[in-house]
Structures are given as structure tokens and as C-alpha cells.
Amino acid sequence: PQDYKKAVELFEKAPAQGYAQAQDGLGCLYAQGKGVPQDYKKAVELYEKAASQGYAHAQMALGLLYAKGAGVTQDYYRKTK
């Protein structure tokens, strides 16, 4: 059996230290509502941190959230800074 609450506990320590993979993993848990209440805004925040470090999965997941308008205003074309 998968223990999502334990995964959240472990993942929450690493994103603060700038680990893109952990930021992405925690973003996935928030996006899916596994181990935490589903929160697309929090998922976007975490995916953006990982994506800005070049983490490909986070970039893809962030794009999908923008396309669906989940946690953000729907935007099929987001200009980068």
C-alpha cells in the first residue's frame, strides 16, 4: 500500500532546499490530492519552482495545468519573462 501522507512529509523537507525533483513530486501530490487536499494553486507554485530549474516533467505538468485552467487562468500561450 502507498503511504501518500508519508510521501508528503518527506517531500515537504526537500523543496525548501531547492530540489527540483522533490518540488515536482510534491506538486504531483497536490495536483492529484494524494496525501493532501487537492490544491491546484499549490501544485502550480511547486511546478513553477521545478520548471524554472529545467525539470522537464514539471514543465510539462505546468503546461497542462495552464491548458486546463487548473489553479491558474486558462492560457494556451503563456509568454515567458
Side-chain angles (χ1 to χ4, degrees):
Q2 296 175 337
D3 187 352
Y4 293 112
K5 289 189 185 288
K6 183 66 173 175
V8 169
E9 180 185 322
L10 295 172
F11 274 137
E12 282 182 333
K13 295 177 183 179
Q17 297 174 11
Y19 295 117
Q21 188 173 6
Q23 291 164 337
D24 177 69
L26 189 55
C28 288
L29 294 174
Y30 273 100
Q32 297 173 23
K34 293 185 176 179
V36 292
Q38 189 173 44
D39 184 343
Y40 289 119
K41 288 185 180 188
K42 183 69 174 175
V44 166
E45 175 188 320
L46 290 158
Y47 284 146
E48 284 179 340
K49 288 178 182 181
S52 71
Q53 295 177 66
Y55 199 75
H57 181 269
Q59 293 169 342
M60 183 269 313
L62 187 58
L64 291 173
L65 291 179
Y66 270 94
K68 293 190 320 188
V72 294
T73 302
Q74 189 172 32
D75 186 355
Y76 292 107
Y77 180 80
R78 179 174 184 233
K79 292 182 183 180
T80 56
K81 298 177 186 174

Exercise. Is there a side-chain contact (heavy atoms from CB on, under 4.5 Å) between Val8 and Leu26 once you walk through the steps?
Worked result: CA-CA 6 Å; Val8 169; Leu26 189 55; 4.2 Å; yes

Exercise. Do the side chain of Gln23 and the main chain of Leu46 share a donor and acceptor less than 3.5 angstrom apart?
Worked result: no

Exercise. Quick one: does Glu45's side chain have a donor or acceptor within less than 3.5 Å of a partner on Lys41's backbone?
Worked result: no

Rounded to the nearest 0.5 Å, what's the gap from [atom1] on [X] to [atom2] on [Y]? Could you check?
X     : Y     : atom1 : atom2 : value
Asp24 : Tyr19 : CG    : OH    : 16.0 Å
Leu64 : Gln59 : CG    : CD    : 12.0 Å
His57 : Cys28 : NE2   : SG    : 4.5 Å

For this session: Please name the pair of heavy atoms, one in Ala58 and one in Ala50, separated by the smallest distance, quoted to 0.1 Å.
Result: CB-CB, 3.5 Å

Seminar exercise, completed: In terms of heavy-atom contacts, Tyr30 and Pro37 come closest through CD2-O, 3.9 Å

For this session: Determine whether Phe11 and Val36 fall in the same hydrophobic cluster, where Ile, Leu, Val, Met, Phe, Trp and Tyr are linked whenever their side-chain heavy atoms lie under 4.5 Å apart.
Result: yes

Exercise. Would Tyr55 and Leu62 show up in the same hydrophobic cluster when neighbours are defined by side-chain heavy atoms closer than 4.5 Å?
Worked result: no

Exercise. Do the side-chain N and O atoms of Gln2 and Tyr4 include a donor-acceptor pair separated by under 3.5 angstrom?
Worked result: yes

